[in-house]
Amino acid sequence: MNHVSLKVDKDARRIDQQAARRVPAMVPAFRPDGSAFDLVNPKAADIDFADMANALSKIARFNGIYRCAAFSVAQHSVMGADAIFRETGDSVLAGYFVIHDGHEYPFGDVTRPAVDLIQYQVAKLAAEAKLDRPAFIEKLVHRAIGEVKRCIDLAIYEAARLPDINRMPLYVRQVKDMDDRMLVAEAHALFGPKADQKCLPKVASAPRLTGAIEPWGAMKAEIAFLDRLERYLGIVVRAA
């Protein structure tokens, strides 16, 4: 190795070390009891399914921007899981749908439009600054938020005694497909026939729901979420 290569390697290591020093050792978020949940290094022991059910029952889909009562993430998860089970008879797949938005209970619901908007601004600033690697920057925000969700999801899967869903591509596609189909069905129910198609993914069919998309209220959604955890995954939790 010549002296030029050695200098390049040394410079690269210095940059990596500087970047590592800028990464926080912990990003704390509140738990219901006031203690801190570490969003950087979540562990299975950190996951509380009762807290998950309670929090998701109070987080509104679409940021609650529609004019009716809040339709919660917990209700979305329950109705989508029931539709998957009705269509496939696969309780484990339905269980994965129950918890597919579980990362939102410590992290919050960062909506698709919000992520797209932040990504647009990052790409714009990068272009103005004439930064290199535009292909990487183009999806930087999506990748970063996806990695945050994935870290929390891995802790949830371990707590639920489930394998990482990403090892099962068919399950990933089925959960994503139902998520998109639920999104479209919910938009039509909550915003009415004028729901703009530009805001929605294209789907092949509506989900085979077991009931109408009408807001349940937080308590009903929380209890239903806990019920589906037990029904589909055998996780027995009692609401506090």
Check: Would you say the side chain of Phe62 lies within less than 4.5 Å of the side chain of Phe191, judging by non-hydrogen atoms?
Finding: yes
Margin query: Go through it in stages, so that I can follow the logic: the residues are Tyr105 and Asn54, the test is side chain to side chain contact (heavy atoms under 4.5 Å, CB included), and I'd like the CA-CA distance, side-chain angles, deciding distance and then a yes or no.
Written below: CA-CA 8 Å; Tyr105 98 89; Asn54 181 264; over 6 Å; no
Notebook entry, point to check: Just wondering, do Met26 and Asn41 contact through their side chains at under 4.5 Å, heavy atoms?
Noted result: no
Margin query: Please tell me whether Asp153 and His100 have a donor and an acceptor in their side chains that are separated by less than 3.5 angstrom.
Written below: no
Notebook entry, point to check: Would you say Val172 and Tyr157 are hydrophobically clustered, going by side-chain heavy atoms of ILVMFWY under 4.5 Å?
Noted result: yes
Margin query: Let's go through Phe225 and Met52 carefully: what are the C-alpha distance in whole Å and the side-chain angles of both, what is the deciding distance for side chain to side chain contact (heavy atoms under 4.5 Å, CB included) to 0.1 Å, and is it a yes or a no?
Written below: CA-CA 9 Å; Phe225 189 93; Met52 182 186 296; 3.8 Å; yes
Checklist line | Given Arg208, Glu87, Arg231, the one that forms side-chain contact (heavy atoms from CB on, under 4.5 Å) with Asp82 | finding: Arg231
Notebook entry, point to check: According to a 4.5 Å side-chain heavy-atom criterion applied to Ile, Leu, Val, Met, Phe, Trp and Tyr, with indirect links allowed, do Val40 and Leu154 form part of one hydrophobic cluster?
Noted result: yes
Note to self: Can a donor-acceptor pair be found, under 3.5 Å and without considering hydrogens, that links the side chain of Glu222 to the backbone of Ala53?
What the structure shows: no
Notebook entry, point to check: Counting only N and O atoms by type, is there a donor-acceptor contact under 3.5 Å from the side chain of Asp164 to the main-chain atoms of Asn166?
Noted result: yes
Next item on the list: State, yes or no, whether a side-chain contact exists between Leu200 and Gln197 at a heavy-atom distance under 4.5 Å.
Entry: yes
Margin query: When you measure from the side chain of Gln75 to the backbone of Ser57, do you find a donor-acceptor pair of N or O atoms at a distance under 3.5 Å?
Written below: no
Next item on the list: Return yes if some donor-acceptor pair links the side-chain N/O of Arg61 with the main-chain N/O of Ser72 below 3.5 Å, else return no.
Entry: no
Item checked: Smallest separation among heavy atoms of Tyr66 and Ala60, with atom names -> OH-CB, 3.8 Å
Margin query: Take a 6.0 Å sphere around CD1 of Ile65 and say whether it holds more than 12 heavy atoms from other residues, nucleotides or ligands.
Written below: no
Check: Do the charged groups of Asp227 and Lys220 touch, with an N to O distance under 4.0 Å?
Finding: no
Checklist line | Side-chain heavy atoms of Cys68 within contact of Leu190, under 4.5 Å | finding: yes
Note to self: Would a single hydrophobic cluster contain both Val27 and Val148, if residues Ile, Leu, Val, Met, Phe, Trp and Tyr are joined by side-chain heavy-atom contacts under 4.5 Å?
What the structure shows: yes
Checklist line | Check: Ala81 main-chain N/O paired with Arg228 side-chain donor or acceptor under 3.5 Å | finding: no
Check: To the nearest 0.5 Å, how far apart are CE in Met178 and CG in Asp180?
Finding: 10.5 Å
Notebook entry, point to check: Taking the six-membered ring for Trp, is the centroid-to-centroid distance between Phe85 and Phe97 below 6.0 Å?
Noted result: no
Item checked: Atom pair CD1 (Ile165) and CD (Gln174), whose distance is rounded to the nearest 0.5 Å -> 9.0 Å
Item checked: Option from Asp46, Asp38, Asp48 for which salt bridge (charged side-chain N to carboxylate O under 4.0 Å, His left out) with Arg31 holds -> Asp46
Item checked: Euclidean distance, Ile59 CD1 relative to Glu104 CD, rounded to 0.5 Å -> 6.0 Å
Checklist line | His76/Glu186 under side-chain hydrogen bond (donor to acceptor under 3.5 Å, both in side chains): CA gap, chis, key distance, verdict | finding: CA-CA 8 Å; His76 158 81; Glu186 290 161 1; 2.7 Å; yes
Check: So, do Leu39 and Phe37 sit near enough that their side-chain heavy atoms are less than 4.5 Å apart?
Finding: yes
Notebook entry, point to check: Can Arg112 and Asp116 be said to form a salt bridge (charged side-chain N to carboxylate O under 4.0 Å, His left out), step by step?
Noted result: CA-CA 6 Å; Arg112 298 187 196 194; Asp116 289 343; over 6 Å; no
Margin query: Side chains of Asp90 and Tyr171: any donor to acceptor distance under 3.5 Å?
Written below: yes
Note to self: Can you confirm whether His188 sits close enough to Ile213 that some side-chain heavy atom of one is under 4.5 Å from a side-chain heavy atom of the other?
What the structure shows: no
